[in-house]
Amino acid sequence: MEQFSLFKSSKGPETVQTVSEMPSALPIAHSPLPIAYLSFDIEATGKNPLSDSIVGIALCREKGKAYYVPVRHKYATNILEAFDILKKALEDESILKIGHNLKYDILMLRQEGIHVKGMLYDTMLASYLLAPNKPDHSLENVSLEYLVHKKKTFTETLGKYSSFSELPIDDATQYAAEDALLALELKELLFEKLIDEGLEKLYFDIEMPLIYVLADMESAGIMIDNDKIAGLSKELERELSVIEIKIYSLAGEKFNINSPLQLRKILFDKLGLKPSKKTKTGYSTSMDVLVELAKTHELPSEILNYRTLYKLKTTYIDAIPKLINSRTGRIHTSFNQTVTATGRLSSSEPNLQNIPIRGEWGARIREIFIADKGHMLVSADYSQIELRILAHMSNDSGLINAFKNDIDIHTETASELFGIPKESVTVDMRRVAKTVNFGVVYGISPFGLSEALNIPPKKAATYIEQYFKKHPGVRDYMENIIKKAHECGFVTTLMGRKRPVPEIWSANISIRQQAERLAINTPIQGGAADLIKIAMINIHKKLAEKNLKAKILLQIHDELLLEAPEEETDIVKQLVKAEMEKALSLSVPLKVEICHGKNWAEAH
DNA sequence: CCATTCAGC
DNA sequence: CGCTGAATGGA
């Protein structure tokens with residue numbers, strides 16, 4: 001492997017000039033012009049692309065030959081002009097960029113003022129689409145899976161150095177160049193496989209363009225009201241200590257309220273309350289159990305109250321300020337594109353997809369997320385997206401008519417389940433029907449529904465029976481998808497995303513039934529994921545075309561949160577709603593509810 | 001590191 | 001009954 005030899009020469013720029021070779025397997029439809037390509041991999045001081053910095057860049061354009069450009073090594077000569085040279089190549093739209101986890105590299109390069117453009121080929125995402133059930137799509141794992149070549153991790157080989165920047169250039173070159181090389185080799189191999197599996201359209205039309213959208217969302221971040229969060233923390237602290245004292249007095253002793261083990265002893269041994277549910281390790285103290293116990297004793301409801309507030313305080317109020325980026329003063333989550341088995345995104349550090357919304361505290365916590373000065377937050381929610389996708393895929397006439405006529409679906413279901421006119425549906429009947437509708441989407445079972453509604457499985461079974469009587473299209477759809485899963489071993493979404501369900505062949509009934517529920521749920525949940533990803537890409541593009549300053553900040557599965565300059569609010573609301581509603585044309589209309597406000601609670 | 005619990009869709 | 005991530009306690 002050569003060491004950055006070309007960069008040592010005075011003709012630096014030539015090393016990254018475009019070449020006019022045609023990569024063997026590029027699809028004509030997606031690359032009308034001959035395309036040059038460049039595989040690259042950034043080495044940095046750490047894993048956070050918004051706070052760590054680049055140490056060096058590995059480049060590779062042909063098998064067996066890669067280069068490493070050191071830029072911030074200690075005790076070594078760095079090639080400081082490298083960024084100027086690389087900028088030309090990386091911002092050249094005609095050059096295909098190959099890499100493993102390109103969102104990371106794109107974000108890293110932005111710190112240097114380099115805005116990567118053009119078609120992407122991310123081998124991590126190729127691996128994910130080919131095997132969405134796999135938990136780990138790291139370069140180590142993917143090359144282990146598909147190549148003879150076995151890559152070692154940094155810790156395994158160079159772990160004695162505390163940071164990449166401490167490495168001697170020879171070691172750094174060896175390590176980094178290998179990564180760029182592996183990405184190029186994987187690209188050729190995985191591309192064939194994507195085509196074999198019919199996944200190339202999903203890959204090039206959705207997942208690759210989405211990388212740029214997610215990179216923009218992550219670098220935008222969201223603003224937090226620091227004063228308000230400090231106030232809430234103090235208030236919760238006071239509330240918690242009051243409840244704590246009450247709990248000790250009711251229990252007759254001090255104990256660790258956060259320990260289910262100790263709580264178990266107090267509730268079931270000392271106070272002799274009736275346990276209703278078991279876990280692997282003993283009696284459960286979960287919410288539904290405590291709600292039942294609350295009818296017989298004062299302690300369980302105090303525990304519930306304590307748990308709720310403690311959770312809110314530790315997971316949200318106290319955790320979020322620690323993650324404020326010192327440079328931007330904002331919270332920058334990571335959107336992971338290769339985690340879920342269904343095609344959804346996930347969010348971490350912090351998870352901004354599970355910020356509380358229910359109850360008084362939910363609203364108060366969402367008030368912490370605010371728009372920048374002179375801006376508004378715009379929230380756009382798909383209404384009943386999963387049931388609409390089910391309506392489309394099952395072609396059930398009842399569901400299709402309901403959505404075509406914009407009917408309240410849960411009230412409609414209640415009237416069907418209880419055989420009464422819609423006007424006579426009570427709040428409680430609607431609640432039951434809502435749970436049944438969720439159950440349908442999850443791959444309903446009498447056991448699951450009985451747990452959710454806290455009713456006998458027999459009773460749950462009659463609801464399910466009644467539902468299918470009214471929706472034979474849904475019943476047929478479910479039978480067919482299970483049949484298909486048995487035949488092929490996988491299920492697919494609207495956009496052709498695949499999820500293997502090998503457990504469908506299990507001899508074990510409960511494993512097999514679980515696989516059947518996944519087979520039912522995945523096309524629905526995954527279809528909704530496909531849909532909102534398309535909407536995100538289109539909105540991102542439209543905002544740029546119209547030179548609007550508004551930015552997408554968050555995606556919460558069926559909701560988008562944007563930040564817009566106040567004067568753009570109306571036009572952005574109109575644009576976002578329209579793009580979301582026409583992202584795909586289904587046999588039922590898509591409905592989007594859109595609001596705005598100075599904070600996330602108001603915008604909702 | 002696993003189990004439990006719970007926040008969201 | 002589907003899909004997640006984070007905090008905690010306890011081995």
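Convention: sequence-line order gives letters A, B, ...; per-chain numbering from 1.
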Heavy atoms only, 4.0 Å cut-off, all strands: where does [X] land among base, sugar-phosphate and nothing?
{"X": "Thr435(A)", "answer": "base"}
{"X": "Arg499(A)", "answer": "sugar-phosphate"}
{"X": "Ile385(A)", "answer": "nothing"}
{"X": "Ile556(A)", "answer": "sugar-phosphate"}
{"X": "Glu349(A)", "answer": "sugar-phosphate"}
{"X": "Thr279(A)", "answer": "sugar-phosphate"}
{"X": "Gln514(A)", "answer": "sugar-phosphate"}
{"X": "Val440(A)", "answer": "nothing"}
{"X": "Asn354(A)", "answer": "base"}
{"X": "Ala528(A)", "answer": "nothing"}
{"X": "Ile520(A)", "answer": "nothing"}
{"X": "Ala319(A)", "answer": "sugar-phosphate"}
{"X": "Gln262(A)", "answer": "sugar-phosphate"}
{"X": "Tyr310(A)", "answer": "sugar-phosphate"}

Item checked: First-last contacting nucleotides on DNA chain C - partner chain A, under 4.0 angstrom, heavy atom ->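 Nucleotide range with atoms under 4.0 Å of chain A: dC1(C) to dG10(C).
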Check: More than 12 heavy atoms of other residues, nucleotides or ligands under 6.0 Å from NZ of Lys551(A): is that the case?
Finding: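 Not more than 12 within 6.0 Å, no.
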Next item on the list: Inspect the surroundings of NZ in Lys577(A) and state if more than 12 heavy atoms from other residues, nucleotides or ligands are less than 6.0 Å away.
Entry: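 Enclosed: over 12 neighbouring heavy atoms sit under 6.0 Å from NZ of Lys577(A).
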Checklist line | Start and end of the DNA chain B segment that chain A contacts, any atom under 4.0 Å from a heavy atom | finding: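 Extent of the interface on DNA chain B: dA3(B) to dC9(B).
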Check: Among pairs that include at least one residue of residues 302-325 of chain A, which meet ring pair (Phe, Tyr, Trp, His ring centres under 6.0 Å), considering only residues two or more places apart or in two chains?
Finding: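 Matches after skipping sequence neighbours: Tyr306(A)-Tyr310(A).
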Check: Which residues satisfy the side chain to side chain contact (heavy atoms under 4.5 Å, CB included) test with His392(A), sequence neighbours excluded?
Finding: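 In terms of side chain to side chain contact (heavy atoms under 4.5 Å, CB included), with neighbours along the sequence ignored, His392(A) is linked to Leu494(A), Leu586(A), Ser587(A).
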Note to self: side-chain hydrogen bond (donor to acceptor under 3.5 Å, both in side chains), that's the test. Do Thr435(A) and Asn437(A) meet it? Break it down for me.
What the structure shows: CA-CA 5 Å; Thr435(A) 307; Asn437(A) 279 329; over 6 Å; no
Note to self: Between Ser259(A) and Asn256(A) (side chain of the first, backbone of the second, donor and acceptor by atom type, cut-off under 3.5 Å), is there such a pair?
What the structure shows: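 No; zero donor-acceptor contacts below 3.5 Å.
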Margin query: I need the full list of salt bridge (charged side-chain N to carboxylate O under 4.0 Å, His left out) pairs touching residues 529-539 of chain A, with sequence neighbours left out, sorted by first then second residue.
Written below: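 For residues 529-539 of chain A: Glu207(A)-Lys533(A), Arg497(A)-Asp530(A).
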Extract all donor-acceptor atom pairs below 3.5 Å that involve side chains of residues 445-453 of chain A and protein atoms in other chains or at least two apart in sequence.
{"residue": "Ser445(A)", "atom": "OG", "partner": "Gly448(A)", "partner atom": "N", "Å": "2.9"}
{"residue": "Ser450(A)", "atom": "OG", "partner": "Pro446(A)", "partner atom": "O", "Å": "3.4"}
{"residue": "Ser450(A)", "atom": "OG", "partner": "Phe447(A)", "partner atom": "O", "Å": "2.7"}

Item checked: 4.5 Å side-chain heavy-atom contact, Gln353(A) and Gln555(A) ->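 Yes - at least one pair of side-chain heavy atoms lies under 4.5 Å apart.
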